[in-house]
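Below, chain A is the first sequence line, B the second, and so on; all start at residue 1. Below, all heavy atoms of this structure are taken into account, side chains as well, without hydrogens, waters or symmetry copies.
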Amino acid sequence: MGQKVGNVTIRVRSGEKAPPLYLIEPELINSIPPRRPGLSELLSHHFSIPPFPERRRRRINEVPGPSPNPVQNFAMEDTGGKEMASAEASGFSDLSDSEFLDLEDTQESSPSLGKPGSSEFPKSDKCINLPKGKRDLDVPSPLERFNLKYLYVTDLSTQNWCEQQMVYGKEIPDFLTPEKEAVLNTGASIHLARELEVHDLVTVSVVTKEDAWAVKFLNILSMIPTLQSEGCIREFPVFGEVEGVLLVGVIDELHYTDKGELELAELKTRRRPMTPLKAQKRKDCFQVSLYKYIFDAMVQGKVTPASLIHHTKLCPEKPLGPSVLRHAQQGGFSVKSFGDLMELVFLSLTLSDLPVIDILKIEYIHQETAAVLDTEVVTFEEKEVKSKMQHYMAYWMGQREPQGVDVEDAWKCRTCSYADICEWRKCGGQCSSTLEPQAKRTR
DNA sequence: ATTGCTCAATGG
């Protein structure tokens with residue numbers, strides 16, 4: 001059950017000596033160029049580059065599945081796994097509570113991140129009278145119901161597309177048509193190829209959650225200097241508290257422009273050579289806006305180790321696993337515990353003279369031809385983004401029921417796996433069965 | 001789906 005042993009990927013700058021072990025789906029192997037040329041060249045080869053035998057690996061946790069993986073197998077340290085499991089099961093352990101006493105710092109230093117009243121994390125069952133949002137305390141919030149300690153950025157952008165669909169996706173595993181799956185795989189493959197243009201990937205076996213996060217931290221530590229020396233970095237991890245909920249994500253690409261502005265570039269690949277619809281753009285704009293919001297908070301010191309620990313229930317004292325430790329030392333970081341590394345990341349983020357993100361750019365390209373279909377430069381509207389986030393988080397905190405799409409967006413249901421069972425649709429879209437008749441839309 | 005019950009994203 002709880003054994004989370006697995007592998008995660010670490011980003012290694014090109015030119016390192018560590019023999020790169022690429023984590024690639026077998027079917028993606030052909031898409032990996034031998035000398036990492038640009039995307040267009042890659043695509044022109046129609047994914048027919050000879051495979052690299054040593055790269056034959058799947059991307060992530062290889063464990064489950066009928067056929068035993070030839071490559072991996074992390075020695076499964078049961079102790080680690082079970083410790084975690086029990087810690088998680090208890091939800092809010094007294095132990096972790098005691099470590100959050102200095103959370104005031106977080107709050108004080110983060111006026112814009114997390115709203116004022118957000119110190120009211122569900123403190124065990126002590127929050128008998130939660131005034132806000134008239135939430136029924138007998139009913140667990142969606143966050144609790146799904147056992148989520150944090151959300152992904154893409155959870156929120158999916159929520160922007162259709163909240164009801166996102167909810168169904170959490171409840172029921174999505175059923176994808178082969179066509180849809182192929183589109184997603186191609187998209188993932190293109191993104192992977194682009195990532196490999198700027199760095200190699202190496203596997204690191206992890207035993208604990210702390211290890212997995214440590215790898216994320218190592219990636220941040222190695223990417224910041226690259227970025228600051230005018231390099232382009234891809235797949236930069238971000239995390240931070242937003243409206244009382246921890247949001248976790250990965251920025252596609254960051255680089256400085258000729259003018260010295262820090263630009264976020266998000267690539268969206270499309271099956272058909274059409275410009276994206278408004279709804280698609282709206283969702284993608286929201287996604288990159290969230291990235292900026294979180295990244296800015298990180299470099300401004302508003303994302304503290306304490307807040308991360310608070311949400312994730314990670315244990316700073318936990319020693320790093322051998323594999324992770326090896327890579328840390330290889331990177332020149334003299335750290336022993338997970339907490340050490342976390343502090344180092346905090347310092348690196350805040351003391352590297354990283355600016356906030358100046359430009360948000362989204363590029364839509366055709367999967368088959370790599371033709372640019374559209375380029376969107378997003379204006380970051382903080383107020384708007386924030387109010388959207390509040391709206392979405394209100395659902396997660398159990399302060400309101402989920403909503404489906406508005407009538408004019410009903411076309412989205414055409415490709416939705418849950419259309420047949422969708423309660424929102426059954427109610428004719430606007431009426432929400434259990435809610436007061438507030439058919440007014442908020443968007 | 002690939003795999004989750006947390007190592008996010010892939011697209012419509």
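When the P atom of B/dG12 is taken as reference, atom CD1 of A/Ile365 falls 12 Å away, rounded to whole Å. What separates NE2 of A/His366 from P of B/dG11 is a distance of 12 Å, to the nearest Å. A/Leu192 has its CG atom 14 Å from the C1' atom of B/dA8, to the nearest Å. Per the geometry, CG belonging to A/Leu277 stands 12 Å off C1' belonging to B/dG11, to the nearest Å. Look at CG on A/Leu143: it is 17 Å from P on B/dC5, rounded to the nearest Å. Taking atom CZ on A/Arg234 and atom P on B/dA8, their separation rounds to 20 Å, with Å as the unit. At whole-Å resolution of the value, NZ in A/Lys283 and P in B/dT10 are 8 Å apart. In this structure, A/Tyr364 atom OH and B/dG12 atom P are separated by 10 Å, rounded to whole Å.
Rounded to the nearest Å, the gap between the P atom of B/dG12 and that of B/dA8 is 23 Å. Going from the P atom of B/dG11 to that of B/dC5 covers 24 Å, rounded to whole Å.
For the pair A/Gln367 and B/dG12, the criterion of a side-chain N or O lying under 4.0 Å from OP1 or OP2 is not met. Dashed line: the shortest gap from a side-chain N or O of A/Arg271 to OP1 or OP2 of B/dG12 is not under 4.0 Å. OP1 or OP2 of B/dA8 sits under 4.0 Å from a side-chain N or O of A/Lys216.
Between B/dG12, B/dA8, B/dT10, one nucleotide has an atom nearer to the side chain of A/Tyr152 than all others, and that is B/dA8. Nearest to the side-chain atoms of A/His191 among the listed nucleotides B/dA8, B/dG12, B/dG11 stands B/dG11. Which of B/dA8, B/dT10, B/dG11 sits closest to the side chain of A/Tyr150 comes down to B/dA8. Checked against B/dA8, B/dG4, B/dG11, the side chain of A/Leu184 finds its nearest nucleotide in B/dG11. Of the candidates B/dA8, B/dT10, B/dG12, B/dG12 carries the atom nearest the A/Lys180 side chain, counting heavy atoms from C-beta on.
When each of A/Tyr291 and A/Arg414 is assigned the nucleotide of DNA chain B bearing its nearest heavy atom, the one mapping closer to the 5' terminus is A/Tyr291. A residue-by-residue look at A/Trp213 and A/Glu181 shows that A/Glu181 has its nearest nucleotide of DNA chain B further toward the 5' end.
If you run ring-ring contact (aromatic ring centres under 6.0 Å, His included) between A/Phe239 and each of A/Tyr152, A/Trp213, A/Tyr293, A/Tyr150, only A/Trp213 comes through.
Between A/Phe295 and A/Phe236, the ring centre distance stays below 6.0 Å.
At a threshold of 4.0 angstrom between heavy atoms, the contacts of A/Gln165 include nucleobase atoms, whether or not backbone atoms are also involved. Residue contacts shown for A/Thr269 are limited to sugar-phosphate atoms, with no base heavy atom under 4.0 Å away. Residue contacts for A/Glu179: at a heavy-atom cut-off of 4.0 Å it reaches no nucleic acid atom on any strand shown.
A/Met166 places none of its side-chain heavy atoms less than 4.5 Å from the side chain of A/Asn160. Between A/Glu243 and A/Tyr392 there is no side-chain heavy-atom pair separated by less than 4.5 Å.
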>> A/Phe338 vs A/Phe217, test: ring-ring contact (aromatic ring centres under 6.0 Å, His included). Steps then yes/no.
In response: CA-CA 10 Å; A/Phe338 171 72; A/Phe217 291 157; 5.6 Å; yes

> Should A/Glu253 and A/His255 be marked as a side-chain hydrogen bond (donor to acceptor under 3.5 Å, both in side chains) after you check the CA-CA gap, both sets of side-chain angles, and the distance that decides it?
Replying inline: CA-CA 7 Å; A/Glu253 175 178 328; A/His255 62 254; 2.7 Å; yes

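Not one N or O on the side chain of A/Tyr291 forms a donor-acceptor pair closer than 3.5 Å with the backbone of A/Leu264.
Checked by atom type, the side-chain pair A/Lys388/A/Gln159 shows no donor-acceptor distance below 3.5 Å.
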> Would you write out the dot-bracket form of DNA chain B, 5' to 3', with Watson-Crick and G-U pairs under 3.5 Å, [ ] for crossing pairs, | for pairs to other strands and . for unpaired bases?
Replying inline: ((......))..

